[in-house]
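Reckoned from all heavy atoms, side chains included, excluding hydrogens, waters and symmetry mates. By convention in this document, chain letters (A, B, ...) are assigned in the order of the sequence lines, proteins followed by strands, and residues within each chain are numbered from 1.
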There are 2 protein chains.
Amino acid sequence: MPDSAFKEIRHLALFSQMADDTFSALMRGAYVQNFPAQIELITEGDPSDFLHVVLSGSVDLFSSWNGRETSLATVRPISTFILAATIKDAPYLMSARTLEKSRIALIPSQDVRAVFDIDGSFARAIVTELAQCYRSVIKAQKELKLRTSLERLANYLLRQQRRTGGTAAFSLDYEKRRLASVLGMTPENLSRAFKGLEPFGLQIEGTRVTITDQAEFERFAKPNPLIDDASA
Amino acid sequence: MPDSAFKEIRHLALFSQMADDTFSALMRGAYVQNFPAQIELITEGDPSDFLHVVLSGSVDLFSSWNGRETSLATVRPISTFILAATIKDAPYLMSARTLEKSRIALIPSQDVRAVFDIDGSFARAIVTELAQCYRSVIKAQKELKLRTSLERLANYLLRQQRRTGGTAAFSLDYEKRRLASVLGMTPENLSRAFKGLEPFGLQIEGTRVTITDQAEFERFAKPNPLIDDASA
DNA sequence: CACTATGATTGACAATTATCAAGATCGCAA
DNA sequence: TTGCGATCTTGATAATTGTCAATCATAGTG
């Protein structure tokens, strides 16, 4: 594995507290690979052979059932995915595909479990990471069950606005069909939802979004830290 | 804390591997309390002062937003809840109320975090527990996004059938209004969903359910281990 | 034994969301 | 630039789900 990737991974909260030798041991079996866009990295149901780390690009986590498909999350650099499956030595619950050209590190799951068993600080780091993941999914679940599609879109836009610096105008970070799937609706309805938000102070042109009346827009969206704050 | 409760908690996977003295230390600040039905134990947004353990009875985890409310899970003996909030020292994302008369152990969160920092085996046990919780929520999320309300009900019934021993006739374990909320629908629609499943081999009288044509019913429900198996 | 309160069901209706079928638009490559 | 393919949008329609009101069933309670 190239030195640069090694360093990037080392800086992740998950690995930063480990002893040098255990980290080296963990990296010994790991390797980095470049993938083109739209490559299926893992398939739900498969055994979890590797813990994945996205070094660059982005990855879509999705799931299918009975001919339907839905996006559950997007993984951006630098972070890991399918940690829970790796730890439990259980099959993947989600599939993963690259959204764009991506560089991914693959760390053998059995090495992760072995180090986890001997290195307490690594175990603690994993706890923190998993607790974070768990709370994120709970928030997603609340959003899905408590909000209409219009409300979900409005709050997504507010979150995206904050992520991109808080200015009135910003752009969507991925294509609308995926956004629709993430938000639990069809692309057609997403289009209509954008239209439906215009009376509350939204303008949209292609991928460019402008919140023209922040107060009114937030009055409609009713953002809530217990659903919308990534950190809380 | 009474000796019996102490023993029950000790047998939980979460605590069974701890050293005796750390377990004692953890239990020193803990106490057990009896609650009547319909008592709100915790409120979402509050700081997570205690890790809770349900010793008897049952607890509903729910959440509210903008005047709406939804049930996210039911906790039955013997298990803990709001572990993630305790670990992260973050506010509760869900509220909790007793569904019936319940006995609950309360363990100060700061003690849990303190022990977690010094006891590697406890940290590892927490990881396993959290990974399990995480995967459960992912499954719930998949169910909600990929299945219609009829399909969710059908698969819930198959899971309940398995939990209660697999016989054709069995009974619902909680009231229908809560079931509706858990499944993400209104009580009215749950009523209609039960009716809608009759052509596929279901009979229902009050709280008593009979699957009269198992093969046909499963053909409709299409259960999937990556959504419906509690263990996977 | 009524009486009451609560939950469950039903029907009528409204709102939301999905589906299908055209078009419109955009990005990209020849 | 032109043309192609994909995404996005729009309209018409259907399916699903939610809301409201009324009724029914049931379990306690006096």
Practice task
Would you indicate which nucleotide in C/dA18, C/dT9, C/dA12 comes nearest to any side-chain atom of A/R192?
Solution key: C/dA18
Practice task
Let me know the distance between NZ of A/K145 and P of C/dT17, rounded to the nearest Å.
Solution key: 16 Å
Exercise for the section: Can you tell me the distance, in whole Å, between the CZ atom of A/R208 and the P atom of C/dC26? Expected result: 16 Å
Completion exercise
Double-helix bend of the helix from C/dC1-D/dG30 to C/dA30-D/dT1, axes at both ends from 5 pairs, round to 10°, gives 30°
Handout entry: Spacing of B/L146 atom CG relative to C/dA18 atom P, expressed in whole Å
Key = 12 Å
Practice task
Grab the two heavy atoms, one from A/T86 and one from A/S109, that are nearest each other, plus how far apart they are.
Solution key: OG1-OG, 3.4 Å
Handout entry: First of B/I204 and A/M185 reached from the 5' end of DNA chain C, by closest nucleotide
Key = B/I204
Practice task
Determine, stepwise, if the pair A/L172 / A/L157 fulfils side-chain contact (heavy atoms from CB on, under 4.5 Å).
Solution key: CA-CA 8 Å; A/L172 300 173; A/L157 292 174; 3.8 Å; yes
Problem - Worked check of side-chain contact (heavy atoms from CB on, under 4.5 Å) between B/L130 and B/L83 - result: CA-CA 8 Å; B/L130 274 181; B/L83 179 58; 4.2 Å; yes
Exercise for the section: Could you state the atom-to-atom distance from CZ of A/R177 to P of C/dA18 in whole Å? Expected result: 15 Å
Practice task
Can you tell me the distance, in whole Å, between the CD atom of B/Q38 and the C1' atom of C/dA5?
Solution key: 14 Å
Exercise for the section: Might you work through the side-chain contact (heavy atoms from CB on, under 4.5 Å) test for A/R76 and A/V59, ending with a clear yes or no? Expected result: CA-CA 7 Å; A/R76 295 181 186 288; A/V59 172; over 6 Å; no
Exercise for the section: Have a look at A/E188 and say if it touches a base, only the backbone sugar-phosphate, or nothing, with a 4.0 Å heavy-atom cut-off. Expected result: base
Exercise for the section: Determine, for A/F200 and A/R219, whether the Lys NZ or Arg CZ falls below 6.0 Å from the six-membered ring centre while staying within 45 degrees of the axis. Expected result: no
Practice task
State whether a side-chain donor-acceptor pair under 3.5 Å links A/Q203 with A/T212.
Solution key: no
Handout entry: B/L190 CG to C/dT9 P, straight-line distance once rounded to whole Å
Key = 7 Å
Problem - All pairs passing ring pair (Phe, Tyr, Trp, His ring centres under 6.0 Å) where residues 154-199 of chain B contributes a residue, at least two apart - result: none
Problem - Euclidean distance, atom CD of residue B/E175 to atom C1' of C/dT9 [Å, nearest integer] - result: 15 Å
Exercise for the section: Specify whether B/F50 and B/Y31 have parallel, tilted or perpendicular ring planes, treating 30° as the upper limit for parallel and 60° as the lower limit for perpendicular. Expected result: perpendicular
Practice task
Examine C/dT17: is either OP1 or OP2 under 4.0 Å from a nitrogen or oxygen in the side chain of A/N189? Give yes or no.
Solution key: no
Exercise for the section: Respond yes when some side-chain nitrogen or oxygen of A/T186 is under 4.0 Å from OP1 or OP2 of C/dT17, and no when none is. Expected result: no
Practice task
Could you check how far NZ of A/K176 sits from P of C/dT25, rounded to whole Å?
Solution key: 13 Å
Handout entry: Where chain A begins and ends its contact with DNA chain D, read 5' to 3' at 4.0 Å from heavy atoms
Key = D/dT7 to D/dA12
Problem - Salt bridge A/K176-A/E188, side-chain N to carboxylate O under 4.0 Å - result: no
